[in-house]
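What follows is one structure encoded as structure tokens, with my remarks underneath.
Just so we're on the same page: letters track the sequence lines, and every chain starts at 1.
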Amino acid sequence: MDLSKIITNPDKLFYPADLIFKKDVIAYYYLMADHILPYISNRPFVMNRFPDGIAGKSFYQKEIPAYAPNFLNKVAIWHEKEKKWVNYPYVAHKEALLWLVNQGVIELHCWLSEVPQIENPDILVFDLDPEPPLSFQDCLPVALLLREVLLKLGLEAWPKTSGKEGMHLFVPIEPKYGFKDTTRAAFNLCRLILKAYPEKVTLERVIKKRTGKVYLDYLQNSRGRTMVFPYSLRPLPKAPVSTPLLWEEVTKGEISPAEFNIKTIWERVKKYGDLWSNFHRRRYDIKPLLELM
DNA sequence: GCCGAGT
DNA sequence: ACTCGGCAACGCCTG
DNA sequence: CAGGCG
Ligand SMILES: [Mn+2]
Ligand SMILES: [Mn+2]
């Protein structure tokens with residue numbers, strides 16, 4: 001791979017307050033690629049682009065640019081409302097990832113399904129969004145209860161920080177259901193959590209009704225929605241990283257998401273490697289969740 | 001980051 | 001030669 | 001139905 005053919009403007013300032021340059025973002029993804037690719041490979045990718053850094057104008061882009069190189073793959077996805085096909089890029093190797101990063105992509109936003117089975121998600125997600133002034137700490141007991149119930153039903157959840165204040169649990173599933181099924185499965189479990197923790201969580205879609213609660217955003221499992229994937233940088237001061245966690249850390253609660261960032265993450269990766277390295281060893285059937293009534 | 005339309 | 005706008009809807013839920 | 005939401 002010839003980086004000099006892929007990278008432009010390496011000295012552009014991307015995180016002004018932290019003196020983090022475009023070349024630092026490129027280097028981060030170059031060095032982290034082996035930990036990232038197992039999770040994002042072959043997933044339809046939505047580009048959230050910051051060509052002038054996090055303080056500049058940003059935009060989302062689904063359609064792969066006409067000028068993209070052949071080594072960036074694409075997949076046509078039907079958009080029902082617009083009645084048209086949209087060609088999404090998907091990453092299959094490091095070179096493709098770095099090309100996207102050079103385009104100003106800072107965050108890794110991917111579908112929960114993989115090519116070619118794009119209509120069958122292989123991840124079920126539990127998206128914990130603490131409504132301010134709640135914070136990451138308030139997600140912890142909710143995440144633990146989710147894990148406990150999932151284990152009782154025979155499913156395994158993998159925790160990470162979102163990089164902001166929230167938390168994500170990913171459950172690897174067999175890609176044999178549709179998005180409506182996985183969304184229903186997530187809803188069923190979230191409804192159970194609401195029953196157990198009515199003071200802590202909410203399923204309300206109207207923001208004004210969420211005050212003081214953690215929003216369990218089960219709709220994040222719908223078709224066309226994306227999630228931030230493991231080891232994604234976030235476009236926030238200090239360049240926080242969406243960081244895989246030990247359940248022991250979730251239990252102890254002595255961590256905060258801001259401590260995992262582009263500068264500090266390497267010490268953690270050296271100590272633990274990829275904490276999700278066994279994520280793909282087993283996939284689960286969501287049937288027990290569909291039967292929760 | 002790059003293209004294309006307008007000036 | 002230069003500037004400037006565009007680059008994203010999807011699909012669900014609520015009232 | 002229009003509008004909110006992520
Ligand atoms: Mn979230
Ligand atoms: Mn959310």
**Asked** When the C1' atoms of C/dA8 and D/dC5 are considered, how many whole Å apart are they?
**Response** 14 Å

Using the C1' atom as the reference point in each nucleotide, state the distance between C/dC10 and B/dG1 in Å, no decimals.
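Looking at atom C1' only, C/dC10 and B/dG1 are 26 Å apart.
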
Length of the line joining [X]:[atom1] and [N]:[atom2], which is rounded to integer Å:
X        : N      : atom1 : atom2 : result
A/Asn221 : C/dC12 : CG    : P     : 12 Å
A/Arg225 : C/dA8  : CZ    : C1'   : 13 Å
A/Lys208 : C/dT14 : NZ    : P     : 17 Å
A/Phe126 : D/dG6  : CZ    : P     : 19 Å
A/Trp111 : C/dA9  : CH2   : P     : 14 Å
A/Arg191 : C/dC13 : CZ    : P     : 12 Å
A/Asp217 : D/dG6  : CG    : C1'   : 6 Å
A/Lys83  : C/dG11 : NZ    : P     : 10 Å

*asked:* Taking A/Tyr215's backbone N and O only, do any of them form a donor-acceptor pair with A/Asp129's side chain (distance below 3.5 Å, no angle check)?
replied: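 No, A/Asp129 side chain to A/Tyr215 backbone: no donor-acceptor pair under 3.5 Å.
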
### Query
Sub-3.5 Å donor-acceptor pair from the side chain of A/Lys263 to the main-chain atoms of A/Lys238, do we have one?
no

Are [X] and [N] close enough that a side-chain N or O sits under 4.0 Å from OP1 or OP2?
X        : N      : answer
A/His79  : C/dA9  : no
A/Lys209 : C/dG15 : yes
A/Arg223 : C/dA9  : no
A/Lys84  : C/dA9  : yes

Side chain of A/Lys180, heavy atoms from C-beta onward: which of C/dC12, C/dA9, D/dG6 has the nearest atom to it?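 The closest nucleotide is C/dC12.
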
Exercise for review: Answer yes if the ring centres of A/Phe179 and A/Trp111 are under 6.0 angstrom apart, and no otherwise.
Suggested key: yes

| message | Contact between A/Pro230 and A/Trp158 at the side-chain level, heavy atoms closer than 4.5 Å - yes or no? | response | no

Side-chain contact test, heavy atoms from C-beta onward, threshold under 4.5 Å: evaluate it for A/Lys176 versus A/Asp285 and give yes or no. yes

Heavy-atom pair with the smallest gap, counting every atom of A/Cys139 and A/Glu165
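Reported closest heavy-atom pair: SG-O, 4.0 Å.
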
Check your understanding: Should the pair A/Tyr39 and A/Tyr231 be assigned to parallel (<30°), tilted (30 to 60°) or perpendicular (>60°) ring geometry?
Key ->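 Rings of A/Tyr39 and A/Tyr231: tilted, 30 to 60°.
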
*Counting any heavy atom closer than 4.0 Å, what does A/Arg184 reach on the DNA or RNA strands: base, sugar-phosphate only, or nothing?*
nothing

Name the pairs: protein N/O against N/O of nucleotides 1-4 of chain B, kept only if under 3.5 Å.
{"unit_1": "B/dG1", "atom_1": "OP1", "unit_2": "A/Asn9", "atom_2": "ND2", "d": "2.6"}
{"unit_1": "B/dG1", "atom_1": "OP2", "unit_2": "A/Lys22", "atom_2": "NZ", "d": "2.7"}
{"unit_1": "B/dG1", "atom_1": "OP2", "unit_2": "A/Pro51", "atom_2": "O", "d": "3.4"}
{"unit_1": "B/dG1", "atom_1": "O4'", "unit_2": "A/Arg49", "atom_2": "NH2", "d": "3.0"}
{"unit_1": "B/dG1", "atom_1": "N3", "unit_2": "A/Arg49", "atom_2": "NH2", "d": "3.1"}

